[in-house]
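In what follows, a single structure is set out as structure tokens and then discussed.
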Amino acid sequence: MSFAKRHAFWIAPLLGFVGFVSYFLVFAKWPATRDFPWVNLPVVLAAVALGFAGLGNAWKTGRWRTKLLHFGGSCAALALAGLLCFYVFSFSATMPEATEEAVAMDIAPNFSLPDARGETVTLESFRGGPVLLLFYRGFW
Amino acid sequence: MQSRKTEFEERGIRIVAISAAHTPEELARHASENGIDFFLLADTELTAADAYGLRHEGGNPFGGDIARPGMFWIDGDGRIIDREFTENWRVREGVGEVLERFE
């Protein structure tokens with residue numbers, strides 16, 4: 001721990017960066033680590049803990065260069081951890097409730113939309129078999 | 001979804017995914033990059049989102065409206081037999097639960 005504490009100025013922001021970026025690049029691909037960030041939350045919490053250790057170093061040392069180094073590293077680590085928590089727990093939950101109409105509707109309204117090839121597809125053309133209809137935005 | 005597509009096919013279920021934030025060209029790129037061969041439809045005018053009551057005003061971080069996420073289970077007669085509206089767009093049901101709702 002003393003090694004980590006002494007080197008908190010770079011280990012803490014690195015952990016914060018890895019914890020933030022790897023959620024989007026890696027762990028959002030699997031439901032188990034996407035729905036709740038089981039991997040990324042511990043990583044950024046470690047970054048927060050080391051960030052505070054770094055702030056302690058900054059406070060204790062008398063040398064200005066060391067002070068600034070630890071303070072900067074800690075701020076970066078705390079910011080990255082905060083950003084991940086904000087995205088996961090707040091930003092991605094920011095949307096309106098489904099309307100009463102959406103909740104109560106019995107018959108699926110028809111639509112006519114272009115597919116990836118630019119060809120028009122209607123819901124009615126799928127009559128006769130079950131359809132799973134998804135309205136999605138990212139992460140699907 | 002794509003990796004377990006055969007489980008849907010065995011049951012004769014069509015997967016239709018609608019995006020309000022992508023043009024057909026972007027969907028084509030998305031489909032080829034991820035090996036998706038179910039229907040990806042572009043709803044840039046939000047006509048389907050409005051028909052299903054899912055418009056999210058100002059919801060696109062890059063500006064404009066999009067659709068909030070939602071899933072509808074539709075039977076062969078065009079009736080909605082089940083639906084699900086997640087409270088967080090990162091969180092959604094697993095394939096097993098999705099299939100169960102068709103039973």
Side-chain angles (χ1 to χ4, degrees), chain A residues 23-24 27-37 40 84 86-140, chain B residues 1 8 11-21 23-32 36 39-43 47-49 51-57 59-61 66-81 83 85 87-94 98 102:
Chain A
Y23 180 79
F24 300 93
F27 294 103
K29 290 186 172 58
W30 299 292
T33 51
R34 177 197 61 219
D35 289 356
F36 189 87
N40 300 81
L84 181 78
F86 169 72
Y87 179 80
V88 164
F89 298 113
S90 171
F91 183 63
S92 62
T94 306
M95 57 186 166
E97 298 271 308
T99 57
E100 276 175 42
E101 188 190 0
V103 174
M105 203 159 36
D106 286 325
I107 305 295
N110 190 37
F111 53 75
S112 172
L113 296 172
D115 69 6
R117 286 181 297 266
E119 284 163 33
T120 302
V121 174
T122 66
L123 181 64
E124 272 172 0
S125 63
F126 300 115
R127 276 288 162 85
V131 172
L132 176 66
L133 183 63
L134 311 166
F135 286 85
Y136 77 104
R137 55 169 295 170
F139 287 111
W140 290 85
Chain B
M1 249 351 138
F8 288 89
R11 293 166 173 81
I13 302 164
R14 303 282 205 154
I15 304 171
V16 179
I18 297 179
S19 169
T23 62
E25 294 73 34
E26 289 166 328
L27 291 179
R29 191 158 3 104
H30 180 56
S32 67
I36 291 170
F39 286 96
L40 293 179
L41 306 183
D43 187 26
T47 51
Y52 285 80
L54 296 178
R55 182 185 283 257
H56 178 179
E57 280 177 35
N60 189 333
I66 52 167
R68 89 180 306 289
M71 297 171 87
F72 294 90
W73 286 254
I74 300 169
D75 71 9
D77 299 320
R79 275 192 301 265
I80 296 171
I81 54 174
R83 68 201 84 205
F85 308 104
E87 293 302 317
N88 187 314
W89 73 68
R90 294 176 304 101
V91 179
R92 63 182 154 92
E93 283 191 27
V98 168
F102 275 111

Max heavy-atom pair count under 4.5 Å with chain A, selected residue of B:Leu40, B:Thr23, B:Thr47: B:Leu40
Portion of B:Ile13 that has a non-hydrogen atom of chain A nearer than 4.5 angstrom: both
N/O donor-acceptor pair under 3.5 Å between B:Arg90 side chain and A:Arg34 backbone: yes
Sole residue of A:Leu132, A:Val131, A:Leu133 in side chain to side chain contact (heavy atoms under 4.5 Å, CB included) with B:Phe72: A:Leu133
Whether B:Asn88 side chain and A:Asp35 backbone form a donor-acceptor pair below 3.5 Å: no
Region of B:Tyr52 that comes under 4.5 Å of a non-hydrogen atom in chain A: both
Distance in Å, A:Leu123 CG paired with B:Arg14 CZ, rounded so as to fall on 0.5 Å steps: 11.5 Å
Region of B:Asp77 that comes under 4.5 Å of a non-hydrogen atom in chain A: backbone
Per-residue contact mode, B:Ser19 against chain A (heavy atom under 4.5 angstrom): both
Check: A:Phe135 ring centre within less than 6.0 Å of B:Trp89 ring centre: no
Which atoms of A:Ala32 approach chain B - backbone, side chain, both or neither, heavy atom under 4.5 Å: neither
Pick from A:Asn110, A:Thr99, A:Thr120, A:Leu113 with the largest number of heavy-atom pairs that fall under 4.5 Å of chain B: A:Leu113
Expected output: side-chain B:Arg83 to main-chain A:Ala102 donor-acceptor under 3.5 Å: yes
Side chain / backbone / both / neither for B:Arg79 at chain A, heavy atoms under 4.5 Å: both
For A:Arg127, all residues meeting salt bridge (charged side-chain N to carboxylate O under 4.0 Å, His left out), sequence neighbours excluded: none
Leading residue by heavy atom contact count with chain A [cutoff under 4.5 Å; candidates B:Ala67, B:Gly94, B:Ala49]: B:Ala49
Part of B:Arg11 lying under 4.5 Å from any heavy atom of chain A: backbone
Residue among B:Ala28, B:Ala31, B:Ala17, B:Ser32 with most heavy-atom pairs under 4.5 Å to chain A: B:Ala17
Side chains of B:Ile18 and A:Phe111 in contact at under 4.5 Å (non-hydrogen atoms): yes
Heavy-atom pair count under 4.5 Å with chain B, highest-scoring of A:Ala116, A:Pro130, A:Gly129, A:Gly118: A:Pro130
Choice from B:Gly59, B:Ala20, B:Pro24 maximising heavy atom contacts with chain A below 4.5 Å: B:Pro24
Which portion of A:Pro114 sits near chain B, non-hydrogen atoms under 4.5 angstrom: both
Residue pairs fulfilling salt bridge (Lys or Arg N to Asp or Glu O under 4.0 Å) with at least one residue in residues 99-115 of chain A, sequence neighbours excluded: A:Asp115-A:Arg117
Atom group of B:Ala21 that falls short of 4.5 Å from chain A, counting heavy atoms: neither
B:Arg92 side chain vs A:Tyr136 backbone, donor-acceptor pair below 3.5 Å: no
Distance, nearest 0.5 Å, that separates CZ of A:Arg137 from CZ of B:Arg68: 10.5 Å
Heavy-atom pair count under 4.5 Å with chain B, highest-scoring of A:Pro109, A:Ala93, A:Ala98: A:Pro109
